[in-house]
Amino acid sequence: SKMSMLGMGRRMMKKLMKKKGMMSIPELLAEAKELGVKIWVCDNPIHLMGLHKEDLIDEVDEIVGVFSYIKEASESEITLSF
């Protein structure tokens, strides 16, 4: 992120989230998984960066292509992308 500011951005965001009483990213991920959320990662950036599934956080369920995502998303009740 351009907001990282050599790591300061991350620390500032963590501090601000704690101050506002928000869950941390690991807590949010754990809560999402408990609720049955599937976490998919787009394969294009993964290939561009030379990454593999083992390089990603454990919460990632699958690496999928855009057409697989669109197919599954069209059959889902709720879909969030970012």
Side-chain angles (χ1 to χ4, degrees):
S1 158
K2 292 180 181 178
M3 299 298 292
S4 178
M5 298 176 279
L6 301 174
M8 287 183 2
R10 180 179 182 203
R11 287 190 294 277
M12 287 171 38
M13 288 300 294
K14 286 173 74 173
K15 185 176 179 181
L16 185 58
M17 288 172 74
K18 185 174 182 176
K19 182 178 178 181
K20 298 284 184 179
M22 297 174 67
M23 286 193 274
S24 68
I25 299 298
E27 291 170 329
L28 287 168
L29 284 169
E31 182 80 13
K33 296 305 282 186
E34 286 179 25
L35 293 171
V37 170
K38 294 180 184 175
I39 300 175
W40 291 352
V41 174
C42 182
D43 65 350
N44 284 336
I46 294 298
H47 294 297
L48 285 172
M49 293 185 281
L51 299 173
H52 301 91
K53 188 164 189 325
E54 301 79 36
D55 299 317
L56 305 175
I57 60 174
D58 293 338
E59 291 80 7
V60 171
D61 293 298
E62 287 187 61
I63 298 173
V64 297
V66 68
F67 296 111
S68 296
Y69 173 79
I70 290 171
K71 180 185 178 300
E72 290 294 324
S74 70
E75 298 169 359
S76 297
E77 292 180 33
I78 299 174
T79 301
L80 302 174
S81 308
F82 48 94

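Hydrogens, waters and symmetry mates play no part in the numbers below; they use all other heavy atoms, side chains included. Keep in mind that this is a model prediction, so the values were computed, not measured.
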K.L.:
What's the spacing between H47 NE2 and C42 SG if we round to 0.5 Å?
P.N.:
8.5 Å

K.L.:
A side-chain contact here means heavy atoms from C-beta on lying under 4.5 Å apart; do K33 and D61 qualify?
P.N.:
yes

K.L.:
How far does OH of Y69 sit from CG of D43, to the nearest 0.5 angstrom?
P.N.:
13.5 Å

K.L.:
Using side-chain hydrogen bond (donor to acceptor under 3.5 Å, both in side chains) as the criterion, list what pairs up with E72, not counting sequence neighbours.
P.N.:
none

K.L.:
Give me the one residue out of M17, K14, E27 that meets side-chain contact (heavy atoms from CB on, under 4.5 Å) with M22.
P.N.:
M17

K.L.:
Do you know which two heavy atoms are closest between M23 and L28, and how far apart they sit?
P.N.:
CE-CD2, 3.6 Å

K.L.:
Can you find a pair of side-chain heavy atoms, one from L29 and one from I39, that are under 4.5 Å apart?
P.N.:
yes

K.L.:
Can you check whether I46 reaches L56 side chain to side chain, under 4.5 Å on heavy atoms?
P.N.:
yes

K.L.:
Is any side-chain heavy atom of E75 less than 4.5 Å from a side-chain heavy atom of K71?
P.N.:
yes

K.L.:
Backbone N or O of E62 within a donor-acceptor pair of the K38 side chain at under 3.5 Å?
P.N.:
no

K.L.:
Quick one: CG on D58 to NZ on K53, what's the gap to the nearest 0.5 Å?
P.N.:
8.0 Å

K.L.:
Tell me, do V37 and E59 make a side-chain contact under 4.5 Å, heavy atoms counted?
P.N.:
no

K.L.:
Do V41 and I57 belong to the same hydrophobic cluster, where Ile, Leu, Val, Met, Phe, Trp and Tyr are linked whenever their side-chain heavy atoms lie under 4.5 Å apart, directly or via other members?
P.N.:
yes

